[in-house]
Amino acid sequence: MIKIKVPATTANVGPGFDTIGIALDLYNTITVKKESEKREFLWPDGSEPFPPKENLILQSCQYMLDKHPDINIGFSIQMDECNIPISRGLGSSAAAIVSGLYAANYLLDNRYAKEEIINFATELEGHPDNVVPAILGGMVISTTENESVLFSSVTFPDDLIFNVMIPDFKLSTSLARSVLPDSYSRKDCIMNISRVSLLINSLVTKDYEKIRPSLQDVIHQPYRLALINDGGSIMEKSKSLHAVGEFISGAGPTLIALTQDSGKHFKEAMSQYLSNLSDDWRLEQVRISLDGTTSEVIYE
Ligand code: HSE
């Protein structure tokens, strides 16, 4: 029996659309047990948020098992902790896909290496920016080349805190992708290429004054902010509170502001601001997760 722990992730980080992702210190955990015949999935406390057909953990587990039709193996998967909010831009679907693939790999006696799991996960998710940091931890730049994922980890400053502002409403990634244009002008492309390059170097060299201008983006954020009630004003408030910078987390609707050290003043003032909005927003402070997905064997 094993326990699998997968972190939340924030993708894009401003201009790095479908490319940059960071694992966060917030986790989902499942326990996987080999069984002779039955195949079952148990939610915590008897809850059942998704029917089996929409359960991404089961689907991705089955996806890997289907590559080995000769092996007939049963399993019991127990969802233990579900801390990553669903459809909020914090990588809940990536976490589910990665959990299911790790579960299947355990059932198949760990026949796949991490790099192969990264490729399967990217195929299932459609883009690599959440699944790669969810597996590896830390901040990762990813792209695909000949149907394989190329990735490179970047050192993220250890004194930056993620102020994660999560609303009570959901935003589906498919809707948030559907509002994006099919093509961009050369000027827009140059804008994002320059900003993302500046962002990586500013983070690596801890050149915090350049992070705010580096987070500017014309590929996705302007279109998506319109889908996030009060998103623009929260970004403005964050700026007035002197955060290092702010961005939409993944496809939204969660927003993230980076602050240095404890960000105590930011947290108090922003929480007060959020409490006056028409939707319910909560603010959680988290750090980067460097571990990525871990599995621990539990002896029965
Ligand atoms: N890069 C993806 C997007 C992340 O912005 O659509 C969300 O899954």
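Start at 1 and go down the list; that is how both ligands and their atoms are numbered.
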Structural part of D18 in contact with ligand 1, heavy atom criterion under 4.0 angstrom:
both
D129 heavy atoms, cut-off 4.0 Å: which ligand 1 atoms fall inside?
1 (N), 2 (C), 4 (C)
Between D158 and K206, is any pair of side-chain heavy atoms under 4.5 Å apart?
yes
Plane angle bin for W281 and F169 - parallel if under 30°, tilted between 30 and 60°, otherwise perpendicular
perpendicular
Region of H220 engaging ligand 1 - heavy atom pairs below 4.0 Å:
neither
Identity and distance of the protein heavy atom lying nearest atom 3 (C) of ligand 1:
R177 NH1, 3.2 Å
Separation between CZ (F17) and CZ (R177), nearest 0.5 Å, reads 4.0 Å
Please list the nearest protein heavy atom to atom 8 (O) of ligand 1 with its residue and the distance rounded to 0.1 Å.
H127 CE1, 3.0 Å
Closer than 3.5 angstrom, by distance alone: can the side chain of N12 be matched with the main-chain N or O of G21 as a donor-acceptor pair?
no
Under 6.0 Å between the ring centres of H68 and Y112?
yes
Check ligand 1 against T173 and write out every atom of the ligand that is under 4.0 Å from a heavy-atom position of the residue.
6 (O), 7 (C), 8 (O)
Honestly, for Q221 the part within reach of ligand 1 (heavy atoms, under 4.0 Å) is neither
Considering residues at least two apart in sequence or located in another chain, which fulfil the side chain to side chain donor-acceptor pair (under 3.5 Å) criterion with K264?
E268
Is it true that the side chains of D291 and Y27 contain a donor and an acceptor less than 3.5 Å apart?
no
May I ask you to list the atoms of ligand 1 that are less than 4.0 angstrom from any heavy atom of N12?
1 (N), 3 (C), 5 (O)
Hey, is ligand 1 close enough to E125 that some N/O pair sits below 3.5 Å?
no
